[in-house]
Amino acid sequence: MTLLTSLLAGLLFGLGLAISGMIDPARVTGFLDLAGAWDPSLGFVMGGAMLVFMPGYFLLVKPRRLSLLGEPMAVVPAPKLDRRLIGGSALFGIGWGLVGICPGPALSLISSGQPMILLFVAAMVAGILLVDRVLVKVREKRCHARSA
């Protein structure tokens, strides 16, 4: 049931991105182009999504200890503002600004078969694997060296 719920939520998210036109890289780069032909539509979509999301979150989700399927709700710790967070955010923003594709819309666009999208998703997966396989191990070695 959890997998079906996740699938339906992902389909709903992807459908919303497609209907709103937010899977169009030109629209995203237009939003980020403050000095040129700025397109505020992405801001309106994000604002509209927040207006729909926030009441439901604060009234229905946040007070719960268990999900509707009976699973424990994950408690997300407050993030530390450190070099990793700032560096990762900067890399994410630079990549988003260069190509106008965010990971959510990129996954929605895979079905288009466009080589640019397939390359973007492959690079995104490679980056995730790089962090998981290399950078996390480097960090673990540093922690072990400090504790020894």
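Being a predicted model, the structure only gives us computed values, none of them experimental. These numbers come from the heavy atoms of this one structure, side chains and all, not from hydrogens, waters or symmetry mates.
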Taking the side chain as C-beta and beyond, is there a heavy-atom pair between [X] and [Y] under 4.5 Å?
| X | Y | answer |
| --- | --- | --- |
| Val61 | Met73 | yes |
| Val28 | Trp96 | yes |
| Pro72 | Arg65 | no |
| Glu71 | Leu66 | no |

Which value, rounded to the nearest 0.5 Å, describes the distance between [X] atom [atom1] and [Y] atom [atom2]?
| X | Y | atom1 | atom2 | result |
| --- | --- | --- | --- | --- |
| Leu42 | Met22 | CG | CE | 5.5 Å |
| Ile101 | Met124 | CD1 | CE | 10.0 Å |
| Phe120 | Gln114 | CZ | CD | 12.5 Å |
| Arg27 | Leu32 | CZ | CG | 13.5 Å |
| Leu34 | Asp39 | CG | CG | 11.5 Å |
| Ser41 | Met46 | OG | CE | 9.5 Å |

Examine [X] and [Y] and state if one hydrophobic cluster contains both, with Ile, Leu, Val, Met, Phe, Trp and Tyr joined whenever side-chain heavy atoms are less than 4.5 Å apart.
| X | Y | result |
| --- | --- | --- |
| Leu17 | Met116 | yes |
| Val99 | Leu118 | yes |
| Tyr57 | Met50 | yes |
| Ile110 | Ile128 | yes |
| Ile117 | Val125 | yes |

If every non-hydrogen atom of Phe31 is compared with every non-hydrogen atom of Trp38, which pair is closest and at what distance?
-> O-NE1, 2.8 Å

Which atom pair, heavy atoms only, marks the closest approach of Thr29 to Gly97?
-> CG2-O, 4.0 Å

So does [X] have more than 12 non-hydrogen atoms from other groups sitting under 6.0 Å from [atom1]?
| X | atom1 | result |
| --- | --- | --- |
| Leu129 | CG | yes |
| Arg83 | CZ | no |
| Phe92 | CZ | yes |

